[in-house]
Protein chains: 2
Amino acid sequence: MTTAKRDTYTPETLLSVAVRVFNDRGYDGTSMEHLSKAAGISKSSIYHHVAGKEELLRRAVSRALDGLFGILDEEHARAGRAVERLEYVVRRMVEVLTSELPYVTLLLRVRGNTGTERWALERRREFDHRVAELLKDAAADGDVRGDVEVRLATRLVFGMINSLVEWYRPDGRGMGEREVADAVVRLVFGGLRTQE
Amino acid sequence: MTTAKRDTYTPETLLSVAVRVFNDRGYDGTSMEHLSKAAGISKSSIYHHVAGKEELLRRAVSRALDGLFGILDEEHARAGRAVERLEYVVRRMVEVLTSELPYVTLLLRVRGNTGTERWALERRREFDHRVAELLKDAAADGDVRGDVEVRLATRLVFGMINSLVEWYRPDGRGMGEREVADAVVRLVFGGLRTQE
DNA sequence: CCTTGTCCCGACCGATCGTTCGGTTACTCT
DNA sequence: AGAGTAACCGAACGATCGGTCGGGACAAGG
């Protein structure tokens, strides 16, 4: 077999280690020395696999962005009543956030100091606008409340969903992905107050 | 007059400059050189006013935490039906977030690399628990939905409110503090869906 | 055997980090 | 005028930053 199990690093396996450290210490707060300690190889060996610190960031945020934009191409996000497409996107966002948690976490924390970070921020804005369009259509259909501005509502809903990366941890017998997605959809659309 | 206008820096005025730069570049991404350029004085002069970089961080997050904990001492947060106290706290949180925006922004972004940051994280958790108690009481009264776990709901509501620091800008004819507070309260308690 | 390529290392680079130090203004108080 | 002090500065500190370099270990292919 030519593709036997490797016990050495690939760019991908190294990335998973790096992203964990980035999320722990922050990107700027992480040195190549920190990464080498966490990976168990020397600092210079890292450069055998990747071009440098910023490439690791670029790979990570790319993966997160691919996951998010992929949602918008799915069938249920493209056909049907706007409010139902919106609900689908919200639910899928939670699923992507949880399944790609470390990568999305990194994406949501970039500040814009480097070119890579500014590119990531731009793509995030693009995604936000796409979802805002959905909400605008649902409002035009009369399916969501009209007394809160569309842009404001979008930002608040994104705020709730994105906050997942601050506390959701997939390990052990915590709460499941499905349970979180249900809760988010209930709160976003139905609110906190008792319904009847 | 002994307290005439000063054209020199005080720890407080220097702090307001530093916090702006911290929020722009991230705390770890900000060097004392960056601060000196932004303040218009030399790097060494900063140390005439404050002990160092970390003291600036400590002063900033302290101010933010004082604002938040102050809410819990106010009368409307201490007396009345739990769901109404909760609504009051939510509204006041938005007001504190907007009025002390740069300081709270910094607080919500600390990672825990230094002792000061870990202390800030601990106090934040304490505040979260206090609000979670409020929500638990409101659930016991039957005033908020019971099909979403209290801890989960608290985290999601905090996520929505705290996301303010990512987009709210007080300048010019954007949206007012009152408008934002109304929208947050409506969405948190009533949800996105049309009510009737 | 020898070559080739992968994977890794210690040593080192110039730059920058947060901080310190000795000293110079300029204003206040007596 | 002289003393004291608040505010500031340039130069430099040891440490650490992201990244480079030459080479060693080892397995595969001839």
Side-chain angles (χ1 to χ4, degrees), chain A residues 1-22 24-61 106 110-118, chain B residues 1-22 24-61 106 110-118:
Chain A
M1 47 196 103
T2 53
T3 53
K5 270 278 183 62
R6 308 287 235 102
D7 58 341
T8 60
Y9 278 113
T10 66
E12 284 73 28
T13 57
L14 188 57
L15 180 63
S16 71
V17 174
V19 168
R20 185 169 5 104
V21 184
F22 284 159
D24 246 40
R25 311 186 54 90
Y27 177 72
D28 284 319
T30 302
S31 71
M32 296 304 278
E33 189 69 34
H34 290 135
L35 293 185
S36 84
K37 294 276 200 263
I41 63 177
S42 77
K43 206 171 53 151
S44 51
S45 295
I46 296 176
Y47 290 88
H48 177 73
H49 302 286
V50 293
K53 191 183 174 184
E54 196 168 351
E55 183 187 323
L56 288 167
L57 179 65
R58 187 175 47 75
R59 281 175 179 268
V61 298
L106 198 50
V110 300
R111 297 305 317 147
N113 294 338
T114 68
T116 299
E117 298 182 57
R118 283 186 287 275
Chain B
M1 47 197 99
T2 52
T3 55
K5 269 279 181 67
R6 306 288 234 101
D7 58 341
T8 60
Y9 278 112
T10 66
E12 283 73 27
T13 58
L14 187 58
L15 179 64
S16 72
V17 174
V19 168
R20 184 168 8 104
V21 184
F22 284 158
D24 246 41
R25 312 186 53 91
Y27 177 72
D28 284 319
T30 301
S31 70
M32 296 304 277
E33 189 69 35
H34 291 136
L35 293 186
S36 85
K37 293 278 201 261
I41 62 177
S42 79
K43 213 169 46 148
S44 51
S45 295
I46 296 177
Y47 290 88
H48 176 71
H49 302 286
V50 294
K53 192 182 174 185
E54 197 168 350
E55 183 187 323
L56 288 166
L57 179 65
R58 187 174 47 73
R59 281 174 179 269
V61 299
L106 198 52
V110 300
R111 297 304 318 149
N113 293 338
T114 67
T116 299
E117 298 183 56
R118 283 186 288 273

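Values below: every heavy atom of this structure, side chains too, minus hydrogens, waters and symmetry copies. Sequence lines set the chain letters: A, B, ... in the order given, protein chains first and strands last, and positions in each chain run from 1. It should be emphasised that the depicted structure is a prediction, and the values quoted were computed from it without experimental measurement.
A pairwise comparison of heavy atoms in B:V21 and B:A38 identifies CG2-CB, 3.5 Å as the closest pair.
A:H34 has no side-chain polar atom (N or O) that falls below the 4.0 Å cut-off from OP1 or OP2 of D:dT16. Not one side-chain nitrogen or oxygen of B:H48 sits closer than 4.0 Å to the OP1 or OP2 atom of D:dC9.
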Practice task
Spell out protein contact along nucleotides 18-29 of chain C as letters: B when the base is contacted, S when just the sugar-phosphate is, - when no protein heavy atom is under 4.0 Å; keep the 5' to 3' order.
Solution key: BBBB--------
Exercise for the section: Output, in order, the C-alpha distance, side-chain angles, deciding distance and verdict of side-chain contact (heavy atoms from CB on, under 4.5 Å) for B:L35 and B:I46. Expected result: CA-CA 8 Å; B:L35 293 186; B:I46 296 177; 3.9 Å; yes
Practice task
Given side-chain contact (heavy atoms from CB on, under 4.5 Å), test B:R25 with A:R111 step by step and report yes or no.
Solution key: CA-CA 6 Å; B:R25 312 186 53 91; A:R111 297 305 317 147; over 6 Å; no
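Proximity of residues 11-20 of chain A to DNA chain C (heavy atom under 4.0 angstrom from any strand atom) is not detected for any residue.
B:T13 pairs by the side-chain contact (heavy atoms from CB on, under 4.5 Å) definition with B:Y9, B:T10, not counting sequence neighbours. Partners of B:N113 by side chain to side chain donor-acceptor pair (under 3.5 Å), not counting sequence neighbours, listed by chain and number: B:D28. Under the side chain to side chain donor-acceptor pair (under 3.5 Å) criterion, A:E54 pairs with A:T114, A:T116, sequence neighbours left out. In this view, A:H48 satisfies the side-chain contact (heavy atoms from CB on, under 4.5 Å) rule with no residue, not counting sequence neighbours.
What separates CD1 of A:I46 from C1' of C:dG10 is a distance of 14 Å, to the nearest Å. Spacing between atom NZ of B:K37 and atom P of C:dC17 amounts to 10 Å, rounded to whole angstrom units. For the pair A:H49 NE2 and C:dC9 C1', the computed distance is 12 Å after rounding to whole Å. Remark: C1' of D:dG19 and CG of A:L56 are 13 Å apart, rounded to the nearest angstrom. Rounded to an integer number of Å, the gap from A:E55 CD to D:dG18 C1' is 14 Å.
A cation-pi contact links A:K53 to A:Y27, judged by a cut-off of 6.0 Å to the six-membered ring centre and 45° from its axis.
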